[in-house]
Every structure is written in C-alpha cells, then in structure tokens.
Number of protein chains: 2
Amino acid sequence: MTRDNATQIFESLASGVRLDIWRLLIKSGQNGMVAGEMASALEIAPNSLSFHLKAMLHAGLVSVEQEGRFKRYRANTALMSDLITYMTEQCCIKQSDAQCEVTNTGDICSSAERYSDC
Amino acid sequence: MTRDNATQIFESLASGVRLDIWRLLIKSGQNGMVAGEMASALEIAPNSLSFHLKAMLHAGLVSVEQEGRFKRYRANTALMSDLITYMTEQCCIKQSDAQCEVTNTGDICSSAERYSDC
DNA sequence: TCAATAGTTCTCGTATTATTGAACTAAGTA
DNA sequence: TACTTAGTTCAATAATACGAGAACTATTGA
C-alpha cells in the first residue's frame, strides 16, 4: 500500500454513487453482481456505471470476471483491509518504536485498537 | 456516521495533498500542528493549505484551536475510527443476523476481522 | 448472417475543484 | 498608532470530473 494507491482508493470512494456501488458489492458478498443488476439497483445509466467501475477497477477496489455476455463484479475486501491497516499504521510513527514492533504484525485488529488510542 | 458523512470524509482524503495533511497530523499526535508549520513541512502555500483544512474541518476530520495568533490543528482520530467501523459494518448485511449481533458491540477490532472474512 | 442484448468507449457540455495572487482580519509588538 | 506576523477569504483562471447521448465491441441466439 503506497501513498498514491491510498489516494486512488479514497478517490474511488469519494462520491455518493461510488460509495453506493461499494456498499452494494459488499452486500452481495462472494456472489458479486453483474453490471446490469447494479445499474438497475442503483438506477444509474449503464455507461455512467461503467465509468465509475473503471475507476474502482483501476484502484483495485473491485475485480471483474467475464460470464458469458455478462460481467460480474466483486468487491476487493482484502484491499480495504490493507487500507485500514495503512491508515492505522501512520498512527504508529509518533509512538515508541517498541510499540510499533509489537503491533506491526499484520494484525489489523491491534492496529485499529492502537489507532483509537492516538 | 451517515452515508453522506462518509462520502464527505472520503472526499476530504481524496487528494495527495490532503492525505499528506492527515498523515502529518497523525504523526504529530495530541500535540497537533500549527498551520504555518504544516505549510512549511508540506511546502504548500498558506492559502492553499487553508483551503484544504477548511474542507477537512467541515468533514470533521480535524479540529482547530486558537493559540494566540496561531491556530493549532489536530487529527480527529475518533472519527476515522468511526469511519472504519462504518465501512466494516456494511459488510455485515450479507452475513447472518446472529453474527451481526455478536460483532455489533462497538468493538472495532472484531468488525475489522469480520470484514476481512467477507 | 442478422438481430438482440450486455457492456464499454467516445464526445461534448456542464459543474465542481484546485491553484495563484491580492486583499483582508486578527493578534502581537515597537 | 503603526508595523509585523499568522491565517483566511476573495476573484480569476486552469484543470478535472460527471453525466447524457450516440457509436462501438462482443456475445448469444434465431
């Protein structure tokens, strides 16, 4: 997770429509959703949806899989998890190195807890 | 945490400059930083910094305190914590209600763990 | 091969956003 | 009071993003 990647992810969620898209995909879980279903559910034009999905794909927030003549999209929850870790890791810099080493174990849980203590 | 508030927060972080501002404030912890220090550290014009800080203030991401002729800014880490919780809560919708009840205890830690299992 | 469907890309008009320089307000100081 | 410093606001410009319509590609099926 680089600074530019983090910026890209925030850009990918920095509009009501894209947050809606994200939440819709989160709700659909592993099944994901086909583009047409999403356009109907969110009541947005297919080309507009495609525009936003492209940006989210570029940021890595969603993945896509061809399915006959459909395209199925899924939320990349692992990346969101990485983002949270990244945002909480920044918090560590001002802490003692000892605490950093204890919490820099890839355990997102402890990162989040440390974060709230900042 | 509402959907619009979440959108506002993402907008507040959806640029390299603002992410830099956020990280700078995170690093400074409870001390926070005076606007002039931040402008120097980030090498951006004071009025440009003011522009971005205003947006971040509006989103609630930072707080400000008058200090003589200076203004001291601090990161609102509690809100970031809320945002993380909100983003992970969305994940719950597709899960069983039982699991939701178990994890909807305000414990950001378990939310994050549940999230990565989505 | 032709038509229909799913989705993307292109183009254009509009609206929002960022940056810059100048003016402005407020607080400290000689 | 006048001057300096800190920070914000304003105005103009440039850049960027969004949405709508039309055209395009690819897959499916008659």
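For clarity, every value in this text was computed on a predicted model and none was experimentally measured.
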Expected output: side-chain [X] to main-chain [Y] donor-acceptor under 3.5 Å:
X: B:S40; Y: B:G36; answer: yes
X: B:E37; Y: B:V34; answer: yes
X: B:N76; Y: B:G60; answer: yes
X: B:S28; Y: B:L25; answer: yes
X: B:S12; Y: B:Q8; answer: yes
X: A:T7; Y: A:R3; answer: yes

**Request:** Give the cluster check for B:I44 versus B:L19: same hydrophobic cluster or not, with ILVMFWY residues linked at side-chain heavy-atom distances below 4.5 Å.
**Result:** yes
**Non-hydrogen atoms of A:R18 and A:E11 that approach each other most closely** = NH1-O, 3.3 Å
**Message:** Can you pull out every salt bridge (charged side-chain N to carboxylate O under 4.0 Å, His left out) where at least one residue sits in residues 45-68 of chain B? Sequence neighbours excluded, please.
**Reply:** B:E65-B:R74, B:E67-B:R72
**Request:** Taking only the side-chain nitrogens and oxygens of A:Y73, find out if one of them lies under 4.0 Å from OP1 or OP2 of C:dT8.
**Result:** yes
**Request:** Do nucleotides 19-30 of chain C as a string where each nucleotide becomes B, S or -: B if the base has a protein heavy atom under 4.0 Å, S if just the sugar-phosphate does, - if no protein is that close.
**Result:** SBBB----SS--
Separation of atom [atom1] in [X] from atom [atom2] in [N], rounded to whole Å:
X: A:L13; N: D:dC18; atom1: CG; atom2: P; result: 12 Å
X: A:L49; N: D:dG19; atom1: CG; atom2: P; result: 11 Å
X: B:F70; N: D:dT8; atom1: CZ; atom2: C1'; result: 16 Å
X: B:R18; N: C:dT17; atom1: CZ; atom2: P; result: 9 Å
X: A:K54; N: D:dT16; atom1: NZ; atom2: C1'; result: 15 Å
X: B:K71; N: D:dG7; atom1: NZ; atom2: C1'; result: 7 Å
X: B:L53; N: D:dT9; atom1: CG; atom2: C1'; result: 14 Å
X: B:H58; N: C:dT17; atom1: NE2; atom2: P; result: 11 Å

**Item:** Nucleic acid contacts of residues 32-43 of chain A, taken as heavy-atom distances under 4.0 Å to DNA chain C
**Value:** A:V34, A:A35, A:G36
